[in-house]
*Asks:* 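Here it is: the structure, laid out below.
Keep in mind that the numbers below use all heavy atoms, side chains included, and drop hydrogens, waters and symmetry copies. The model shown is predicted, which means the values in this text are computed figures rather than measured ones.
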Amino acid sequence: MDKRASKKVPWGTGTLRGATQGHQQTSILGAWDCRGWAVEEMEAGSTTEGSESGLCCTILVQRHGIDFIQDLRSLLAGVTDLHIENEAVPSQLLVHGLLAFPVALDDSHQSFLAAAYYGKGRVVVATHERQLNTPYLKTFLLNAISWLDAGRQGKIGIESSLKGLNDLLNENKVPSGISDLIPSLSVYCCQSYSDSEVRKIHKFVAEGGGLLIGGKAWWWAHQHPGQYAAAEYPGNKILNTFGISILGKFLKAGTYKPMKPEDVTQVYHFRRALSRFLQDNSGKDTVPSPSPWLQKLGQDCTEFVKLSPGGSSAVSSIHQMLKNLLHHTKVPTVSKDKPIQNNSNESVLIQLATSLHDRYTDLSDVILTIDAKNEGETTESAWRNTVRNYSAPLAEFATENIILTVPAENARLVENPGALMSKWDEMMIAVAELASISFHFSRPERIVADVQISNGKYCSLTLTDRWPV
């Protein structure tokens with residue numbers, strides 16, 4: 001094996017057994033040799049799993065020659081803050097592509113603006129359609145159009161639903177007009193609520209076009225209980241190919257500071273965090289390094305597993321990498337006497353085991369043990385099959401806005417807690433609209449079923465005032 005010296009990639013590289021030696025994979029980026037790229041990422045004298053047996057390697061973190069720092073300088077030039085209105089509560093983003101990068105993050109490493117390269121073209125993703133025409137983000141929007149245009153000074157086409165963006169651009173002397181997607185455009189701007197032109201959009205970007213697209217997936221998720229926004233939300237049928245997914249979760253409205261461009265190689269990215277996690281769980285006698293990314297990584301792994309591997313070698317390769325990890329790693333036993341921390345390697349492993357077990361049927365040898373009293377979150381399948389039969393007096397159903405604490409004897413009758421809590425979330429959104437406030441409450445409301453002393457029967461009480469509901 002050719003052991004050429006090269007600069008080591010930050011946080012190491014994750015490897016996966018795949019095709020035979022010398023196999024050429026083709027993609028929109030051209031033809032490349034998996035094994036050759038793996039060699040280029042290793043230090044002199046090092047090897048990666050599978051290399052000695054002639055198997056190719058999938059690398060999570062690769063050198064690609066693109067200067068994300070300069071890209072962010074262009075996108076954020078003159079931007080002093082990013083103000084998100086209460087009426088434009090954004091979704092969260094999963095940034096998972098090799099050529100995708102976050103543009104805006106909150107303090108919990110959640111991204112709400114991102115960008116990517118695809119083929120010869122570029123993409124910018126917003127997480128609410130109002131972000132595409134609000135004067136609060138005017139500087140960013142003008143920068144984004146300029147970056148997407150890539151110096152061509154071409155025509156900007158605007159979907160008819162974004163008339164406000166067309167007005168904003170015309171007011172700032174940017175040539176644009178309401179238009180369908182046509183090949184002669186330099187940049188096309190649209191909402192993410194339709195998948196009717198998936199192939200057309202992919203071709204447009206691959207051949208050099210710029211795409212500005214935005215929309216929220218959290219409302220779609222509320223309207224489609226039991227479906228996975230990461231895979232089934234219409235906009236994600238466009239965006240997943242670009243390495244960015246809009247999630248069915250939301251962030252707080254508010255004012256956020258733009259990230260420093262030079263920090264782009266250090267901030268949270270799914271691939272970078274997963275690479276570090278795999279390195280820490282490689283089986284070597286090393287002490288895992290504490291990471292503030294672990295809680296976010298666990299959430300993102302759960303979402304990433306929901307993506308369809310069909311048609312995407314990147315997604316299927318990482319799915320297989322995660323499955324291989326569980327096949328070779330002991331999943332920790334959790335009990336009252338053996339608790340685990342949310343921000344820990346063990347927590348990520350448990351989330352992975354649960355998500356992959358629900359997604360695939362070939363993981364029967366992965367055992368996840370939680371002792372009799374369940375004190376954490378669970379999946380719907382685990383709820384129906386095991387958890388609801390635990391001998392605990394109470395159960396909790398929770399979303400980000402409402403928590404219901406009910407007697408276990410009543411909770412056991414619930415077959416579909418996801419649909420139930422989706423309906424409760426809709427009610428909480430209606431409450432917020434009636435009060436003219438942001439529906440992302442500062443804390444979740446809690447309703448507790450307790451015994452009413454006057455008649456000895458259960459009734460519902462609010463935690464704050466202890467009055468029957």
Side-chain angles (χ1 to χ4, degrees), residues 27-29 60-62 64 66 68 71-72 75-76 82 90-106 109-119 121-129 131-132 140 144 147-148 187-195 197-198 201-202 204-206 209-218 220-221 228-251 259 264 267-274 296-297 299-309 311-315 317-319:
S27 72
I28 202 68
L29 297 175
L60 285 170
V61 182
Q62 300 170 350
H64 41 62
I66 297 175
F68 289 156
D71 291 327
L72 279 173
L75 287 165
L76 297 174
L82 296 162
S91 286
Q92 298 176 15
L93 288 175
L94 170 57
V95 182
H96 55 85
L98 177 66
L99 302 183
F101 57 98
V103 175
L105 295 153
D106 71 1
H109 316 292
Q110 306 287 359
S111 175
F112 58 93
L113 292 171
Y117 285 87
Y118 181 74
R122 302 176 177 187
V123 180
V124 170
V125 181
T127 50
H128 195 292
E129 64 275 12
Q131 294 173 6
L132 299 182
F140 171 74
W147 183 77
L148 292 167
V187 178
Y188 183 60
C189 308
C190 64
Q191 295 185 5
S192 61
Y193 299 122
S194 171
D195 59 2
E197 295 188 308
V198 172
I201 291 175
H202 287 169
F204 172 75
V205 177
L211 176 69
L212 176 60
I213 184 171
K216 56 189 180 295
W218 55 259
W220 183 94
Y228 299 137
E232 300 172 77
Y233 171 66
N236 284 335
K237 296 177 182 180
I238 300 170
L239 294 173
N240 287 343
T241 298
F242 302 144
I244 300 173
S245 305
I246 304 178
L247 303 181
K249 302 175 181 179
F250 51 81
L251 297 178
M259 62 185 291
V264 69
V267 298
Y268 178 88
H269 187 291
F270 175 68
R271 282 174 173 257
R272 187 178 297 121
L274 181 57
K296 169 65 172 166
L297 177 61
Q299 297 167 358
D300 280 356
C301 283
T302 298
E303 297 292 341
F304 189 86
V305 167
K306 297 172 184 175
L307 299 183
S308 172
S312 171
S313 60
V315 172
S317 294
I318 295 178
H319 277 203

*Asks:* Would you compute the distance between atom CZ of Arg122 and atom CG of Leu211 and round it to the nearest 0.5 angstrom?
*Replies:* 13.5 Å
*Asks:* CG of Leu93 to CD1 of Ile244: how many Å apart, nearest 0.5 Å?
*Replies:*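 The CG atom of Leu93 sits 7.0 Å away from the CD1 atom of Ile244.
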*Asks:* Check Glu303 with Lys249, please: is the shortest side-chain N to carboxylate O separation under 4.0 Å?
*Replies:* yes
*Asks:* Gln110 side chain to Asp106 main-chain N or O, any donor-acceptor pair under 3.5 Å?
*Replies:*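 Not at all, since once roles are kept as given, no pair shorter than 3.5 Å links the two residues.
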*Asks:* Taking the six-membered ring where the residue is Trp, are the ring centres of Phe112 and His128 under 6.0 Å apart?
*Replies:*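 No, they do not, as the ring centres are separated by 6.0 Å or more.
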*Asks:* Is Ser91 reaching over with its side chain to a backbone N or O of Ala217, donor-acceptor style, under 3.5 angstrom?
*Replies:* yes
*Asks:* Parallel, tilted or perpendicular: which fits the ring planes of Tyr118 and Phe242, with parallel below 30° and perpendicular above 60°?
*Replies:* perpendicular
*Asks:* To the nearest 0.5 Å, what is the distance between OH on Tyr233 and OG on Ser245?
*Replies:* 11.5 Å
*Asks:* Are side-chain heavy atoms of Val124 and Leu75 found at a separation under 4.5 Å?
*Replies:*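 Answer yes - side chains close enough.
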*Asks:* Contact between Leu307 and His96 at the side-chain level, heavy atoms closer than 4.5 Å - yes or no?
*Replies:* yes
*Asks:* If you apply the rule ring pair (Phe, Tyr, Trp, His ring centres under 6.0 Å), what do you find for Phe101 with His269, and how did you get there?
*Replies:* CA-CA 7 Å; Phe101 57 98; His269 187 291; 9.0 Å; no
*Asks:* Taking atom OH as the centre, does Tyr193 end up with more than 12 heavy-atom neighbours from other residues, nucleotides or ligands that are less than 6.0 angstrom away?
*Replies:* yes
*Asks:* Is it true that a side-chain atom of Asn240 and a backbone atom of Asn236 form a donor plus acceptor pair closer than 3.5 Å?
*Replies:* yes
*Asks:* Please evaluate residues Tyr117 and Phe68 with respect to the criterion side-chain contact (heavy atoms from CB on, under 4.5 Å), reporting the C-alpha separation (whole Å), side-chain torsions for both, the decisive distance (0.1 Å), and the verdict.
*Replies:* CA-CA 10 Å; Tyr117 285 87; Phe68 289 156; 4.1 Å; yes
